[in-house]
Amino acid sequence: MGTIQLKTPIPGPKSRALGARRESAVPRGLAHATPIYIARSQDAWLEDVDGNRFIDFAGGIGSLNSGHRNPHVIAELEAQLKNQLHTCASVTPYENYIRLAERMNQITPGHFPKKTLLVNTGAEAVENAVKIARAHTGRPAIIAFEDAFHGRTYMTMALTSKTHPYKAGFAPFPSDIYRIPYGYCYRCSYSLKYPTCDVYCARHLEDTFKRMVAAEEVAAVIAEPVLGEGGFVNPPPEFFRILMDICRRHDILFIADEVQSGFGRTGKMFASEHYGIEPDILVSAKSLGGGLPLAAVSGRSEIMDAPGVGALGGTFGGNPLSCAAANAVLDEFENGDLLKRANSIGQQFEKRARDWKARFELIGDARGLGAMRALELVKSPEIREPAPEETKKVSQYCYEHGLITITAGTYGNVIRLLVPLVITDDQFDEGLNVLESALAAVCQKRPVLAGTGTT
Ligand SMILES: Cc1ncc(COP(=O)(O)O)c(C=O)c1O
C-alpha cells in the first residue's frame with residue numbers, strides 16, 4: 001500500500017469546519033494553498049484532521065529539507081525544553097546561539113573571518129542584511145532583480161518584484177531600490193540566447209551605473225542564487241561571477257538571499273557554491289530551523305561589525321529552541337546523506353520531467369539544481385504564453401489525489417518541488433506518478449507531441 005490514503009472526500013468534515021472558523025477569525029490576506037487542516041506530520045507525509053494522508057512536495061515552502069519532525073531535531077528540542085525556553089540573547093546569552101553562529105560561519109561559502117546574526121524570519125534577515133550593508137558602505141542604494149522575492153515587510157516588499165499580490169496597494173515603499181533583469185534564459189528580458197548572449201544580463205550592470213544610479217551610491221546588489229517565488233530559475237553558470245566582479249570593481253557588496261535555495265535544497269549546502277561565488281553577506285532561513293522560526297545573516301566580520309552596539313537584534317531572534325533545532329539540522333547534514341539525497345531526488349525528477357516534456361506540450365521548461373526543480377507551464381512551446389490556469393488545475397488535481405504541491409512564478413505558471421529530502425524512493429515515485437497523472441489529465445484536450453523529444 002502506498003503512503004497516500006484518502007479516507008474521506010477532501011476537504012473532510014473536520015477540515016471544512018475549521019475552514020469555516022478560519023474564515024471568520026483570520027484575515028483573507030493569509031492565503032492557503034489547500035483547505036485541509038493538519039493533525040500530524042512525519043518525514044515527507046502529512047495527515048489531516050480527518051485521517052487523510054498526503055505526500056508533501058511543498059515542505060512548508062522549503063522549510064523542511066531535513067524532514068517533518070526529524071527525530072534528531074525532536075530529541076534536541078526535548079532536551080532543550082527541559083533546560084530553558086527564553087531569556088533573550090540581548091539580555092542573558094546562551095551557548096547554543098554561539099555554537100550555531102560558529103557553525104554558520106564555517107559552512108557558508110568564503111574563506112575569510114565571518115560573523116552571524118540570528119533573527120526570526122527570512123524577511124527580517126534580509127532587512128538586517130540591508131541595514132548592515134548600508135552601515136558598512138555608507139551608501140544608500142540597493143540593486144535587486146526582476147522576479148525576485150525577498151519577503152513581505154516594507155523593505156523586502158520594495159526589493160520584491162511581483163506586484164500582485166505582494167506589492168499592489170501597499171505603497172509608498174522605501175526608496176533607493178533599483179531593479180535589473182535576472183538571468184532568466186527561458187524569458188530573457190533582452191530576447192537573447194545563451195551562450196551567444198555572452199551573459200549580457202549580468203554585464204549590463206555596468207550600464208545601470210550610467211543610466212539609473214551611480215556606482216558610488218550603491219551599497220549592495222542582492223540576489224537569490226536560484227529564484228524561489230520567482231519560479232525556480234537558475235541562471236547560467238557565469239552569471240553571478242560576472243556580477244560579483246563588477247561589484248568588486250566598484251566596492252559594492254554582494255548579498256546572496258539563500259532563504260529558499262539554502263540548506264541542501266540544490267544538492268550543495270548553499271546554491272552559491274554551484275556558482276563558485278563567496279557572497280559578502282549570505283541570508284538563510286526556512287530549513288535552517290528544521291520547522292522552527294529562525295533566520296541567519298552571515299557575512300565578512302568587518303562588514304557584520306559595522307552597525308554599533310545595540311543596533312541589531314530583537315526579542316526572540318535566535319531563541320534557544322530554534323537554535324537547538326538548527327544545531328540538530330546541521331548535525332543531520334554533517335552526519336547524514338541529505339546532500340546526496342537532494343542530488344538523487346533531482347536526478348529522478350529530471351528523468352521523469354524529460355519524458356513529460358516530450359509528451360506534454362504544456363511543459364515549456366523543466367529546470368533546476370539538485371532537488372530545487374520546477375516545471376514551467378505554457379499554452380504552447382512556440383509562443384511561451386504562460387499557462388497559470390492550467391498550472392492551478394495541475395496543482396488542484398494533485399491535491400485531490402493526495403499530493404501537496406505549490407506553484408510559483410511571476411506569471412503563476414510554475415510547479416515547484418520542495419519535497420523534504422528524507423522522502424523514500426517509493427514515496428517520491430508515488431508522488432511523481434500523481435503529478436504525471438495531473439499533467440496528463442490537464443493535457444487531455446491538448447495536442448500531444450508524439451515522442452518528439454523537443455527541448
Ligand atoms: C528567497 C526568499 N527570501 C526571503 C523570504 C522571506 O522569508 P520569510 O517568509 O521567512 O519572511 C522568502 C520566503 O519565501 C524567500 O523565498
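All ligand and atom numbering here is 1-based and tracks the order in the structure. Owing to the predicted nature of the structure, the values given are computational and were not obtained by experimental measurement.
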Side chains of residues 399-409: which donor-acceptor pairs under 3.5 Å do they make with residues two or more places apart or in other chains?
from	atom 1	to	atom 2	distance (Å)
E400	OE2	Q396	NE2	2.7
H401	ND1	Y397	O	2.8
T405	OG1	S395	OG	2.9

For this session: Quick one: list whatever passes side-chain hydrogen bond (donor to acceptor under 3.5 Å, both in side chains) with R241, sequence neighbours left out.
Result: none

Exercise. Does the ring centre of F263 sit less than 6.0 Å away from the ring centre of F270?
Worked result: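 For F270 and F263, the ring centres are under 6.0 Å apart.
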
For this session: Classify the angle between the aromatic ring planes of W356 and F349 as parallel (below 30°), tilted (30 to 60°) or perpendicular (above 60°).
Result: perpendicular

For this session: Return the protein residues near ligand 1 (heavy atom under 4.0 Å from any of its atoms), ordered by chain and residue number.
Result: T121, G122, A123, F149, H150, G151, E224, E229, D257, V259, Q260, K286

Problem set entry | Reported CZ-to-CG distance for the pair R265 and N65, which is rounded to 0.5 angstrom |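 With rounding to 0.5 Å, CZ (R265) is 4.5 Å from CG (N65).
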
Which atom pairs, donor and acceptor, lie under 3.5 Å between side-chain atoms of residues 25-34 and protein residues at least two apart or in another chain?
from	atom 1	to	atom 2	distance (Å)
H32	ND1	R22	NH2	3.2

